[in-house]
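This is a predicted model, so every value here is computed, not measured. Residue indices begin at 1 and follow the sequence shown.
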Amino acid sequence: MLIVESDRAAVELLLVAGELRCPRCRGELRPWSSARPRPVRQSDTETTLTPRRSRCASCGKTHVLLPDTTLLRRRDALAVIGAALLAKAAGEGSRLIGRRFGVHPDTVRGWLRRFAARAEGWRAHCWAWAHALAP
């Protein structure tokens with residue numbers, strides 16, 4: 001799985017030009033086919049996303065190209081999960097957040113737990129980049 005930009009036409013151009021790299025061997029990714037359709041919830045609507053699939057010209061491994069508006073193994077769009085995290089930071093509880101976005105409170109609690117478990121690593125990573133870019 002590789003996260004790419006959400007503009008499918010732009011991703012297609014990058015694939016055809018050989019500008020996307022294999023995360024496994026850094027070889028050139030080439031167009032392959034499509035992955036299975038996936039439901040994506042965005043607040044009160046649900047759409048179907050069919051991500052692009054690519055194949056490495058060097059190692060032959062295939063990769064699903066997931067748009068940056070979604071997260072790996074998540075049915076809900078990134079905007080919904082981000083809004084839920086902001087609502088929690090503002091003091092709202094998981095039941096209220098779940099009602100607002102039409103998601104079960106246990107799902108919201110899972111997002112919040114996962115974020116809390118990984119927040120320190122993200123903070124350290126962002127701080128390292130900030131220091132590298134503007135020492």
Side-chain angles (χ1 to χ4, degrees):
M1 194 78 59
L2 184 66
I3 303 289
V4 294
E5 62 182 287
S6 56
D7 182 1
R8 192 171 176 118
V11 171
E12 194 66 31
L13 288 174
L14 291 172
L15 271 177
V16 171
E19 294 183 25
L20 291 178
R21 297 285 162 202
C22 175
R24 183 177 178 191
C25 73
R26 305 306 301 156
E28 197 175 282
L29 290 180
R30 307 302 296 164
W32 186 246
S33 65
S34 295
R36 66 174 177 76
R38 301 150 196 253
V40 177
R41 280 189 298 222
Q42 201 151 16
S43 294
D44 56 348
T45 62
E46 187 169 299
T47 60
T48 301
L49 167 71
T50 305
R52 187 70 161 107
R53 186 178 282 280
S54 65
R55 185 172 184 173
C56 178
S58 299
C59 69
K61 178 138 175 65
T62 62
H63 301 279
V64 173
L65 306 178
L66 199 61
D68 59 7
T69 55
T70 59
L71 292 171
L72 179 63
R73 296 186 187 102
R74 295 288 174 256
R75 183 176 186 172
D76 297 282
L78 180 61
V80 174
I81 296 172
L85 292 171
L86 289 173
K88 178 62 178 175
E92 291 184 29
S94 55
R95 286 189 184 132
L96 183 59
I97 295 169
R99 246 179 280 142
R100 182 189 314 163
F101 296 111
V103 178
H104 196 277
D106 289 343
T107 301
V108 175
R109 278 190 281 281
W111 297 339
L112 300 176
R113 272 192 226 111
R114 189 171 189 104
F115 179 79
R118 295 180 176 193
E120 177 57 28
W122 291 337
R123 186 204 60 76
H125 180 79
C126 292
W127 184 254
W129 268 107
H131 182 70
L133 294 172

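- Hydrophobic clustering (side-chain heavy atoms under 4.5 Å, transitive across Ile, Leu, Val, Met, Phe, Trp, Tyr) groups Phe115 together with Ile97.
- Each of Leu65, Leu29, Leu66, Leu2 was scored for a side chain to side chain contact (heavy atoms under 4.5 Å, CB included) with Arg52, with one residue passing: Leu65.
- Seen from the ring of Trp32, Arg53 does not count as a face-on cation partner, given the 6.0 Å and 45° thresholds.
- Listed by first then second residue, pairs satisfying salt bridge (Lys or Arg N to Asp or Glu O under 4.0 Å) with a partner in residues 13-36 read Glu28-Arg30, not counting sequence neighbours.
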Let me see the working for Thr69 and Val40 under side-chain contact (heavy atoms from CB on, under 4.5 Å), right down to the final yes or no. CA-CA 10 Å; Thr69 55; Val40 177; over 6 Å; no
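- Residue Val103 comes nearest to Val108 through the heavy atom pair CG1-CG2, 4.2 Å, listed as atom of the first residue, atom of the second, then distance.
- Looking at Arg41, its side chain never comes within 3.5 Å of a backbone N or O of Glu46 through a donor-acceptor pair.
- Of all non-hydrogen atoms in Trp111 and Leu85, the two that sit nearest each other are O-CD2, 4.4 Å.
- Closest approach of Gln42 and Val80 over heavy atoms only: CA-CG2, 3.8 Å.
- Closest approach of Pro51 and Val64 over heavy atoms only: CB-CG1, 3.7 Å.
- The cluster map of Ile, Leu, Val, Met, Phe, Trp and Tyr, joined by side-chain heavy atoms under 4.5 Å apart, puts Ile3 and Leu78 in different clusters.
- Nearest heavy-atom pair across Pro37 and Thr48 is CB-CG2, 3.6 Å.
- Between Gly27 and Ser58, the closest heavy-atom pair is CA-OG, 3.7 Å.
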